[in-house]
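First comes the structure, then the notes that go with it.
Every heavy atom of this structure was used, including side-chain atoms; hydrogens, water molecules and symmetry mates were not. In what follows, chains carry the letters A, B, and so on, assigned in the order in which the sequence lines appear, proteins first and then strands, with residues in each chain numbered from 1.
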Amino acid sequence: AQKITQTQPGMFVQEKEAVTLDCTYDTSDPSYGLFWYKQPSSGEMIFLIYQGSYDQQNATEGRYSLNFQKARKSANLVISASQLGDSAMYFCAMREGGRGSQGNLIFGKGTKLSVKP
Amino acid sequence: EPEVTQTPSHQVTQMGQEVILRCVPISNHLYFYWYRQILGQKVEFLVSFYNNEISEKSEIFDDQFSVERPDGSNFTLKIRSTKLEDSAMYFCASSEGQGNTIYFGEGSWLTVV
């Protein structure tokens with residue numbers, strides 16, 4: 001079974017609009033972390049935002065916010081005021097386990113976001 | 001801002017040859033990782049390394065692969081006898097501690113011909 005599911009292979013958004021990229025996860029571990037990474041066409045993997053399973057508030061980092069719905073096991077990334085430079089692949093990833101976890105990330109298949117001028 | 005650096009950015013090698021990919025993790029980080037991304041596919045975990053030994057490895061990380069921290073700064077991935085299916089982007093990553101954010105390098109494209 002997929003541990004991380006990203007159901008949108010591709011998304012389009014108009015510049016300056018907000019966009020939500022979906023991510024659902026599957027784990028029985030009560031302690032876990034959820035990450036979003038951006039991969040531009042140049043290939044590097046850029047960390048965007050992190051949400052811990054015990055965090056009370058949704059994570060925010062500038063124009064990025066994470067809509068964390070624990071009961072639904074979803075961790076959607078919201079990008080506000082899209083810019084042309086946001087066009088990239090976006091990967092959701094999960095790390096299971098709290099103390100003692102070695103930090104192995106499980107990635108989803110990614111969503112390709114295209115921002116239209 | 002500190003970053004993970006990788007060399008080479010791109011390497012083409014003949015099947016059967018040995019390849020060493022190099023990484024310099026962020027200086028105060030203690031946990032090191034290698035991940036792989038075959039073109040068009042998702043990122044896959046290969047191995048994690050802590051306290052000078054492998055702490056976890058995936059099924060992909062077979063006897064053809066090895067990792068080493070030869071000095072205080074470098075972290076290397078060696079593929080002993082490359083196969084065509086080893087062609088991929090290889091990412092090095094590091095984190096400060098357990099439960100901390102994992103930062104990736106820019107990747108090394110390996111093409112096996």
> What part of A/Gln6 gets closer than 4.5 Å to chain B, counting heavy atoms only: side chain, backbone, both or neither?
Replying inline: neither
>> On a heavy-atom basis, which atom in B/Pro8 and which in B/Ile20 lie closest, and how many Å separate them?
In response: CD-O, 4.4 Å
>> Taking every non-hydrogen pair under 4.5 Å, which of B/Val43, B/Val47, B/Val4 racks up the most with chain A?
In response: B/Val43
> Looking at A/Gly110, A/Gly43, A/Ala93, which makes the most heavy-atom pairs under 4.5 Å with chain B?
Replying inline: A/Gly43
> Any ion pair linking B/Arg80 and B/Asp63 (charged N to carboxylate O, less than 4.0 Å)?
Replying inline: no
> Is it true that atom CG of A/Leu84 has more than 12 heavy atoms of other residues, nucleotides or ligands lying nearer than 6.0 Å?
Replying inline: yes
> In terms of heavy-atom proximity below 4.5 Å to chain A, should B/Glu44 be classed as side chain, backbone, both, or neither?
Replying inline: neither
> Are B/Leu30 and A/Leu105 linked, directly or through other ILVMFWY residues, by side chains that come within less than 4.5 angstrom of each other?
Replying inline: yes
